[in-house]
Amino acid sequence: MTGEPPAPAAPPVVVFDEIDSTNAEARRRAEAGELGPVWLLGLRQSAGRGRRGRAWETGAGNLAATLLFSTDKPPAVAAQVSFVAALAVADLLASFVPSQRVSLKWPNDPMLDGLKVSGILVESGTRPSGGLWIAVGFGVNLAAKPLESERPATALSVHLAGAPPLPTEAVQILAEAFDRWSLVWDSLGFPAIADAWTARAHGLGAPCVARLGTETVEGIAEGLDDDGALRLRLPDGRLRRITAGDVFFGEAI
Ligand SMILES: O=C(O)CCCC[C@@H]1SC[C@@H]2NC(=O)N[C@@H]21
């Protein structure tokens, strides 16, 4: 007996051979009162969704998984989970390739050798009993890059000599990594998450174009603000906080 409290049990993983979208399934379960935590893994997704209303293509052998959980954190704090999620994907990738080749593009795009390899979609809602349900959806191109994509993308398999992990293996590594970073978030707060994210950031100090709905803003990406907003230094020296949108570094937009 060490006197240490027992480690919380790992959340269960529910595997679907085929599903429309694991985020849609998380929403259905949350709206039916399920609190989680539970991982939902789709071996095929017929209607995967991405950020900003885009579709997300899940090629065979790719990871499509959503963690559904509940929290009493205020919404602005709960939203920081997207950085926790990005760090977990970075760890998953770094278990297969050297970690210097993995980077994170604001707000939460994991990159491999500078190309998007994964996407994260966080959705949430209020519970009738109070607090929030959060669905953190992870798409990782383990085996195949998308056939159709607006921008250059890659897959982990392209960077490996051997076979990539199966989705059922990858979700376990991801779940462990997510738990580790959640513990950091809960015990040390967002500054520790922001520091870890910044250490892996893609394009800081570089010219950047932010596409915000109908507006496009150019500047130098300086880093994260206290709440996770991107600090963009404009050509006239003013600082602009980017809280939502897509950012591009040295790519065609
Ligand atoms: O646009 C992005 O970059 C985010 C993509 C998120 C895709 C994942 S795949 C698993 C989960 N289910 C979905 O329908 N979307 C997310």
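Just so you know, ligand 1 is whichever comes first in the structure, and atom 1 is the first atom listed for that ligand. Remember, it's a predicted structure, so these values are computed and weren't measured experimentally.
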**OP:** Just jot down the ligand 1 atoms closer than 4.0 angstrom to any heavy atom of T66, in number order.
**Re:** 11 (C)
Original post:
With a 4.0 Å cut-off, would you call K105 and D246 a salt bridge?
Top reply: no
**OP:** Flag the pair D72 and R127 as a salt bridge only when some basic side-chain nitrogen lies within less than 4.0 angstrom of an acidic carboxylate oxygen.
**Re:** yes
Original post:
Got a donor-acceptor contact below 3.5 angstrom from the W133 side chain to the E34 backbone?
Top reply: no
Original post:
Under the salt bridge (Lys or Arg N to Asp or Glu O under 4.0 Å) test, which residues partner R240, sequence neighbours left out?
Top reply: E215
**OP:** Between E123, R54, R51, flag the one that comes closest to atom 2 (C) of ligand 1 by a heavy atom.
**Re:** R51
**OP:** Answer yes when D186 and K73 have at least one side-chain N-carboxylate O distance shorter than 4.0 Å, and no when they do not.
**Re:** yes
Original post:
Among R49, Q45, E25, which residue places a heavy atom closest to atom 9 (S) of ligand 1?
Top reply: Q45
Subject >> Main-chain N/O of R238 paired to D236 side chain as donor or acceptor, under 3.5 Å >> reply: yes
Original post:
So which protein heavy atom does atom 3 (O) of ligand 1 come closest to, and at what separation?
Top reply: K116 NZ, 2.6 Å
Original post:
Which atoms of ligand 1 have any heavy atom of G50 under 4.0 Å away?
Top reply: 1 (O), 2 (C), 4 (C), 5 (C)
Subject >> Proximal atoms of ligand 1 relative to A65 (non-hydrogen, under 4.0 Å) >> reply: 10 (C)
**OP:** Show which atoms of ligand 1 fall inside a sub-4.0 Å distance from at least one heavy-atom site of T22.
**Re:** 10 (C), 11 (C), 12 (N)
Subject >> Distance from atom 5 (C) of ligand 1 to nearest protein heavy atom, with residue and atom >> reply: W56 CE3, 3.4 Å
Subject >> Option passing side chain to side chain contact (heavy atoms under 4.5 Å, CB included) with V117 (candidates D109, V102, T154) >> reply: T154
Subject >> atom 8 (C) of ligand 1 - nearest protein heavy atom and its distance >> reply: G139 N, 3.6 Å
Original post:
Of all the atoms in ligand 1, which lie at a distance below 4.0 Å from a heavy atom belonging to G48?
Top reply: 14 (O)
